[in-house]
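Some notes on the structure that comes next.
Keep in mind that the numbers below use all heavy atoms, side chains included, and drop hydrogens, waters and symmetry copies. Naming: A, B, ... by sequence-line order, numbering from 1 per chain.
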Amino acid sequence: MPASCEQVITLDGDLHARPAGQLAVAAAKFAADVSLTVGDKTANAKSVLAVMGLGATTGQQVTASATGSDAEEAVAAVVAILADATKVGG
Amino acid sequence: MNPDATVGIVLVSHSAALAAGAADLASQVAGGPDGVAVIPAGGTDDGGLGTSAAKVTHAVKQADRGAGVLIIPDLGSAVLTVRALLADPDDLPGPVVLADAPFVEGVVAATVIAAAGADIEAVRGAAEEAWNARKL
């Protein structure tokens with residue numbers, strides 16, 4: 001059974017195009033399937049257009065999930081980018 | 001083919017400003033100009049609206065990093081110009097692939113996935129999948 005991992009983070013800022021791109025570049029380097037869920041929308045974290053299509057804004061909860069051999073590292077990388085890139089003024 | 005090289009991208013537009021602006025946007029979203037080569041080939045040789053085979057050939061050579069080059073055209077004769085070049089690709093580094101993709105969304109998706117180290121077919125796939133992306 002493949003490893004899976006999930007973590008929830010609350011955004012400190014809106015998820016703009018540049019952090020969405022940074023997030024997709026990072027996610028695409030992992031073998032695991034990585035997804036982001038905001039409300040009732042789920043996006044493939046490796047697709048920058050899908051991530052931008054979430055329209056995630058300040059104060060929303062984002063669930064990062066991954067399934068695969070490197071799921072834990074993938075979720076940690078994605079959450080770190082969400083925490084850093086959506087800081088106010090960031 | 002160099003396994004560490006990233007796929008290069010060429011934007012062929014009737015408008016030099018449109019190609020340059022879309023290339024700039026895609027580079028910024030994918031992490032900045034030091035990453036993937038996104039080269040605009042817009043306008044005619046004398047600076048008007050239209051496409052130029054010479055500009056496209058030059059841009060493909062600039063974009064080539066040893067992992068192939070994806071070309072994204074805007075409309076109509078941009079496609080014809082690229083197809084004519086690809087029919088006789090002796091002057092071009094290979095592989096050079098033409099994408100059927102929306103211009104802005106396609107180049108952003110392609111540049112991001114190329115920055116992650118994807119191969120030419122995966123980069124073409126990301127560009128063409130952009131038809132399915134919803135904004136709302």
| query | Where does B:Ala130 contact chain A at under 4.5 Å (heavy atoms): side chain, backbone, both or neither? | reply | both
| Residues of residues 40-56 of chain A near chain B, each having a heavy atom less than 4.5 Å away | A:Lys41, A:Lys46, A:Val48, A:Leu49, A:Met52, A:Gly53
| request: With a 4.5 Å heavy-atom cut-off (strictly below), which parts of residues 20-31 of chain A touch chain B? List them by number. | output: A:Gly21, A:Gln22, A:Ala24, A:Val25, A:Ala28, A:Lys29
Looking at [X] and [Y], what are the two nearest heavy atoms and their distance?
{"X": "B:Leu11", "Y": "B:Phe103", "result": "CD2-CE1, 3.7 Å"}
{"X": "B:Ala22", "Y": "B:Val107", "result": "O-CG1, 4.1 Å"}
{"X": "B:Asp45", "Y": "B:Ala54", "result": "OD1-CB, 4.2 Å"}

| Does CD belonging to A:Gln60 count more than 12 external heavy atoms closer than 6.0 Å? | yes
Is the backbone of [Y] close enough, under 3.5 Å, to the side chain of [X] for a donor and an acceptor to pair up by distance?
{"X": "B:Arg65", "Y": "B:Gln62", "result": "yes"}
{"X": "B:Glu128", "Y": "B:Asp100", "result": "yes"}
{"X": "B:Asp74", "Y": "B:His14", "result": "yes"}

| remark: The single option from B:Val97, B:Thr81, B:Val60 that satisfies side chain to side chain contact (heavy atoms under 4.5 Å, CB included) with B:Ile71 is B:Val60
| remark: Result for side chain to side chain contact (heavy atoms under 4.5 Å, CB included) between B:Ile120 and one of B:Val69, B:Val96, B:Val7 points to B:Val7
| message | Run the side-chain contact (heavy atoms from CB on, under 4.5 Å) test on A:Glu73 and A:Cys5 for me, step by step, so that the C-alpha distance in whole Å, both residues' side-chain angles and the decisive distance to 0.1 Å come before the verdict. | response | CA-CA 9 Å; A:Glu73 294 87 344; A:Cys5 184; over 6 Å; no
